[in-house]
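Accompanying notes for the structure given below.
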Amino acid sequence: MMRGFRLEVERRIREALEKMECADIELPIEIPPDAAMGDLAVPCFLLSKNLRKPPQKIAEELAAAVRKGEPVERIEVKGPYVNFFIDLEKLKADVLKEALDKREKYGSLEKKNIRILVEHTSANPTGPLHVGRARNPLIGDSIVRILRMAGYDVTSEFYVNDVGKQVVTLAYGVQNLQPEGEADRERDDYRLVLNYQAASRLMEEDPSVLDEINGMLYDLEHGDEKTIMIVRESCEKILNAIIGSLREINITIDQFTWESKFIQERKVAEIIDRLKKSPMCKQEEDGAYALDLGSYGIHGKETDFIFTRKDGTSLYTSRDLAYHLDKFGRCDIAIDVLGEDQKLGQMQLSAALDIIGEKRRAEYIFYAFVSLPEGRMSTRKGTVVYLDDLLDEALSRAMTEVKKRREDLSEERMRRIAKVVSVGAVRYNIVRIQAEKQIVFKWEDALNFEGNSAPFVQYSHARACSILKKGLEEGTDWKDYDPAKLVKKQELDLVKAIASLPMIVDDCAESRKAHPMAQYALELATLFNQFYQFVPVLRADEAERKARLALVEAARWALGNSLSSLGIEAPDEM
RNA sequence: GGGCGAGUGGCCUAGUCCGGAUAUGGCACCGGCCUCCUAAGCCGGCGGUCCUGGGUUCGAAUCCCAGCUCGCCCGCCA
């Protein structure tokens, strides 16, 4: 509804500008700093240059030229601004009706029939997920959910690296080494990472081990069944454990594409042949092939993009090229969620796509890493916080909080609340920050249950549910509610916020950003809490009670759906 | 050395694409609110050279130039 209003105001401004013979000018539409000033505002500074009149005067002329009538309730000129007020009576009626009808679908947009493939996580299956890269699944999954809400057909995909040196090193370690020390957890990812670490160390110390690993890599790329099997087996074990960790934070991935597939199907070899035919291709002295990408603006110490090793085996980006071509064939829009360390590689990939005459490109969501106050997380140095540990700690703290507040509940119900709260807190805390900003991990922030946090929003939802439940018990309902009975500031502000959800979904989907949704959920919850504080529902007279109950029900869906778009569950009680 | 990104009260953060009305919230701190729908809440207070310096503009957190700080990258790793 706010979305419709914005579109309508845009259209009318365009019409008015045509009348004023300024059709070539596009005026910005913004939200005034204070709601009392209007719901949308159009500043007229831009026009003053063309018409050579003061913006105040133009604002008056523009306001006069704009078509009136629904859904615009009135237009006010305030200095250089033309302020638009939405027809609140209609808004109230529309919002309540739509939210109450659509329920868990409220906020979802019409189907677009566009297929989007979102690749995210794609962690090397060499060990457990750690917080340093946890933004990838969390941002990725939130974007998947938001895009779905916006009407896209979305598939999430995990690209499994079962080809490169890392995984061969892992397989070597699993085959040949018996690492000392105990795994942090009795799970394959924690157990096998020890083999991987041991093999990595050994490889650095002992050149013969390196030779053997390189030999395995060569065999792997030349389709040696046994080697493929060995590597795949350890990868699968770790991958399954990673999938388990992801499930704990409400993330499921639709499909997995194994990197080895592109080697087996000879797609990588085809790409390499095509690249070799490029005039930019050159062979290094020892036999490796490279592209000189200086003409693509890729500079540095070394402008060469090496795409085969000296023994002819492929490198990651060459395989990624085959993967991207494959992806383009399976969707209309491909989105890659990647760490910022991948930027150069993807620029090289883009250049290589151009060289082979491919026009399509992936869209990227790059994120900065989560580091520790002491610096970067490193598995080797042992300076890591595993996602599982963060989740466990969050759960235990959430349980303490629940016990403190709700000793009336059964152990089982407390546990369920603690689980939902802890997962929400972790997800929200990471996704609320724009992706390109680096995050320094601090326990007290990650486990914050107050203020700008998921539990804050979840709590509002629980309060709404509590009112509705009590209302039901008292035998009241909102049948034949009259939206006109909502007149208090807290009620109107809440209505407007609920009405904004579809617009926020649209904005987040089109900008491929999840953090504004977190911001919105917080604002909505704040407004609900204010309403809760100052406007009685069940104790109000019948007409007000019905209208307010309807509003609470609408708010409950808006809160729940904004949370669910971030993969966070909304509990009925807390 | 080069490329990319970030820099907003003590701490975290929105706004930056597309310049516009007193810069958004949270944490912390101080004060107030539970005989009334859950106080994980609400109300009030404190706190800002929007990294620095130039420039463009009627107007700059936002655009341009230069510099500083931090992160990431510049592997025949992935």
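In what follows, chains carry the letters A, B, and so on, assigned in the order in which the sequence lines appear, proteins first and then strands, with residues in each chain numbered from 1.
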Next item on the list: Establish, for the pair A:Arg135 and A:Tyr367, whether the NZ or CZ atom is under 6.0 angstrom from the six-membered ring centre and no further than 45 degrees off its axis.
Entry: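 Negative - A:Arg135 is either too far from the ring of A:Tyr367 or too far off its axis.
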
Looking at every strand, decide which applies to [X] at a 4.0 Å heavy-atom threshold: base, sugar-phosphate, or nothing.
X: A:Ile439; result: nothing
X: A:Gly164; result: sugar-phosphate
X: A:Gln342; result: base
X: A:Ala462; result: base
X: A:Gln166; result: base

Checklist line | P spacing across the pair B:C18 / B:G9, given as an integer number of angstrom | finding: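 Approximately 26 Å lies between the P atom of B:C18 and that of B:G9.
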
Between atom [atom1] in [X] and atom [atom2] in [N], what is the gap in whole Å?
X: A:Ile433; N: B:G25; atom1: CD1; atom2: C1'; result: 13 Å
X: A:Leu344; N: B:G2; atom1: CG; atom2: P; result: 16 Å
X: A:Met347; N: B:C73; atom1: CE; atom2: P; result: 16 Å
X: A:Glu523; N: B:U13; atom1: CD; atom2: P; result: 17 Å

From the set [options], return the single nucleotide nearest to any side-chain atom of [X].
X: A:Asp341; options: B:U16, B:G41, B:C72; result: B:C72
X: A:Gln438; options: B:A14, B:G5, B:C37; result: B:G5
X: A:Glu340; options: B:A78, B:G71, B:C37; result: B:G71
X: A:Lys437; options: B:C4, B:U22, B:G7; result: B:G7

Note to self: Other residues, nucleotides and ligands only: do more than 12 of their heavy atoms fall within 6.0 Å of CD on A:Glu474?
What the structure shows: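 Counting neighbours around CD of A:Glu474, more than 12 heavy atoms of other residues, nucleotides or ligands fall under 6.0 Å, so yes.
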
Note to self: For A:Glu473, I'd like to know if atom CD has over 12 heavy atoms of other residues, nucleotides or ligands within 6.0 Å.
What the structure shows: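 Atom CD in A:Glu473 is packed in, count exceeds 12.
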
